[in-house]
Amino acid sequence: MFIESPKAEVAKTKEETYNFLNDLSNFRQLMPENIDKFEVLSENRFLFALKGMPEIVLEKKEEIPHNKLVLGAASDKLPFTLTADIMELSTEKSEVSLSFNGEFNAMMAMMIKTPITNFIKTLSTNLSKV
């Protein structure tokens, strides 16, 4: 299953945007309002839970400074990645495209597609506000 968010325009340089996303504690600012729990576990991992949903631990899987950051599920139960691709629009503006890629059976995919789509849209919307 592949889901891509609308592109978020960020009033920061490409480097500043990358550094913001690379500091996992900043993801708290991007989370939806129905966040139930958020905890940074280490420099490379954080845990979050939305109301009524199980806790998810994300960890850094790949980093390409100032261009790309890939976070993935720390558990093999729900294998997925969340990728932030960062493009430069101007010297003081960048654009971020978030994409979700996961391997789920058809039933699971049907159940989670809408909540995940809404989740990454919220991350993208909130990113354009920081």
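The figures that follow rest on heavy atoms only: side chains count, while hydrogens, waters and symmetry mates do not.
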Do Leu47 and Phe100 belong together in a cluster built from hydrophobic side chains that touch within less than 4.5 Å?
no
If you compare all heavy atoms of Leu30 against all heavy atoms of Val130, which two are closest, and at what distance to 0.1 Å?
CD2-CG1, 4.2 Å
Do you reckon Val70 sits in the same ILVMFWY cluster as Ile120, going by side-chain contacts under 4.5 Å, direct or chained?
no
Between Thr122 (side chain) and Asn118 (backbone), is there a donor-acceptor pair under 3.5 Å?
yes
If you round to the nearest 0.5 Å, how far is CG of Leu21 from CD1 of Ile86?
5.0 Å
Do Ile56 and Phe119 share a hydrophobic cluster, counting only Ile, Leu, Val, Met, Phe, Trp and Tyr and linking them when any side-chain heavy atoms are less than 4.5 Å apart?
yes
Say you draw a straight line from CG of Leu82 to OG of Ser5; how long is it, rounded to the nearest 0.5 Å?
8.5 Å
Spacing of Lys12 atom NZ and Leu127 atom CG [to the nearest 0.5 Å]
9.0 Å
Let me see the working for Leu24 and Phe38 under side-chain contact (heavy atoms from CB on, under 4.5 Å), right down to the final yes or no.
CA-CA 11 Å; Leu24 298 182; Phe38 185 93; 5.9 Å; no
Which pair of non-hydrogen atoms, one from Lys113 and one from Ile3, has the smallest distance, and what is that distance?
O-CD1, 3.9 Å
Over all atoms of both residues, closest heavy-atom pair of Ser124 and Pro6
OG-O, 2.8 Å
Would Val57 end up clustered with Met31 when hydrophobic side chains under 4.5 Å apart are linked, directly or stepwise?
no
I'd like to know if Leu41 and Leu71 are part of one continuous hydrophobic network [Ile/Leu/Val/Met/Phe/Trp/Tyr, side-chain heavy atoms within less than 4.5 Å].
no
Glu92 meets the side-chain contact (heavy atoms from CB on, under 4.5 Å) criterion, sequence neighbours left out, with Thr13
Show the nearest heavy-atom pair for residues Lys14 and Met87, with the distance to one decimal.
CD-C, 4.3 Å
Should we count CD of Glu62 as having more than 12 external heavy atoms under 6.0 Å?
yes
Under 3.5 Å side-chain donor-acceptor pair for Glu16 and Asn19:
no
Heavy-atom pair with the smallest gap, counting every atom of Pro79 and Phe104:
O-CZ, 4.1 Å
Atom NZ of Lys7 with >12 non-hydrogen neighbours under 6.0 angstrom:
no
Provide the full list of salt bridge (charged side-chain N to carboxylate O under 4.0 Å, His left out) pairs with a residue in residues 17-39, sequence neighbours left out, each pair given once.
Lys37-Glu55
Salt-bridge contact Lys93-Glu9 (side-chain N to carboxylate O under 4.0 Å)
yes
When rounded to the nearest 0.5 Å, the distance separating CD of Glu88 from CG of Asn67 is 10.0 Å
I'd like to know if the side chain of Asn44 reaches the main chain of Lys60, judged simply by a donor and an acceptor atom lying under 3.5 Å from each other, with no hydrogens or angles considered.
no
Phe80 vs Met1, side-chain contact (heavy atoms from CB on, under 4.5 Å): CA-CA, chis, key distance, verdict
CA-CA 9 Å; Phe80 71 88; Met1 178 168 56; over 6 Å; no
Looking at Ser94 and Leu89, what are the two nearest heavy atoms and their distance?
O-CD1, 3.8 Å
Parallel, tilted or perpendicular: which one describes the rings of Phe27 and Phe46, with boundaries at 30° and 60°?
parallel
Give the C-alpha distance, both sets of side-chain angles, the deciding distance and a yes or no for side-chain contact (heavy atoms from CB on, under 4.5 Å) between Leu98 and Thr83.
CA-CA 6 Å; Leu98 297 175; Thr83 303; over 6 Å; no
Return the CG to CG distance between Asn26 and Asn126, rounded to the nearest 0.5 Å.
12.5 Å
